[in-house]
Amino acid sequence: MEQTKRLVMTFKTTDDKKVSLSVDNPREDITETEIKSAMDLVVERNIFAPNGGDIVATVEAKVVVTDTTEYDLVL
């Protein structure tokens, strides 16, 4: 079984839609303060324009852990 972790940061755009940015394998010791600072920087610098709308606000952040089990179907 393979386990993966991903930090998913969700923002609101100027057209009132949500967009998410994700980071694979975030540090184990990452803090809420660091995540909030990074998200605020994304909003402040306005470097992304998904679907033509600027990112204008932070919405939420979460670490998603996924367990994957692969099966060999050749018996």
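The basis for the numbers below is simple: all heavy atoms, side chains too, and nothing from hydrogens, waters or symmetry mates.
- Between N51 and T13, every side-chain heavy-atom pair lies at or beyond the 4.5 Å cut-off.
- M39 CE to L7 CG: the interatomic distance, rounded to the nearest 0.5 Å, is 8.0 Å.
- The CE atom of M9 lies 9.5 Å from the CD1 atom of I55; values are rounded to the nearest 0.5 Å.
- Atom NZ in K12 sits 13.5 Å away from atom NZ in K17 (nearest 0.5 Å).
- Note: I47 CD1 to D54 CG = 11.5 Å, rounded to the nearest 0.5 Å.
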Give the table of side-chain donor-acceptor pairs shorter than 3.5 Å for residues 57-75, with sequence neighbours excluded, one pair per line with atom names and distance.
unit_1, atom_1, unit_2, atom_2, d
T58, OG1, K36, NZ, 3.3
D67, OD1, Q3, NE2, 3.1
D72, OD1, V74, N, 3.2

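- No continuous path of hydrophobic side-chain contacts links F48 to L41 [ILVMFWY only; heavy atoms under 4.5 Å].
- Heavy atoms of other residues, nucleotides or ligands lying less than 6.0 angstrom from CD of E44 number more than 12.
- Around atom CZ of R27, more than 12 heavy atoms belonging to other residues, nucleotides or ligands sit under 6.0 Å away.
- Of all the heavy atoms in S22 and R6, the pair that sits closest is CB-CD, 3.4 Å.
- Connection of I30 to F11 is established within a shared hydrophobic cluster, with ILVMFWY side chains joined at heavy-atom distances below 4.5 Å, either directly or through further cluster members.
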Exercise for the section: Walk me through it: do T4 and D24 pass the test side chain to side chain contact (heavy atoms under 4.5 Å, CB included)? Expected result: CA-CA 8 Å; T4 58; D24 291 339; over 6 Å; no
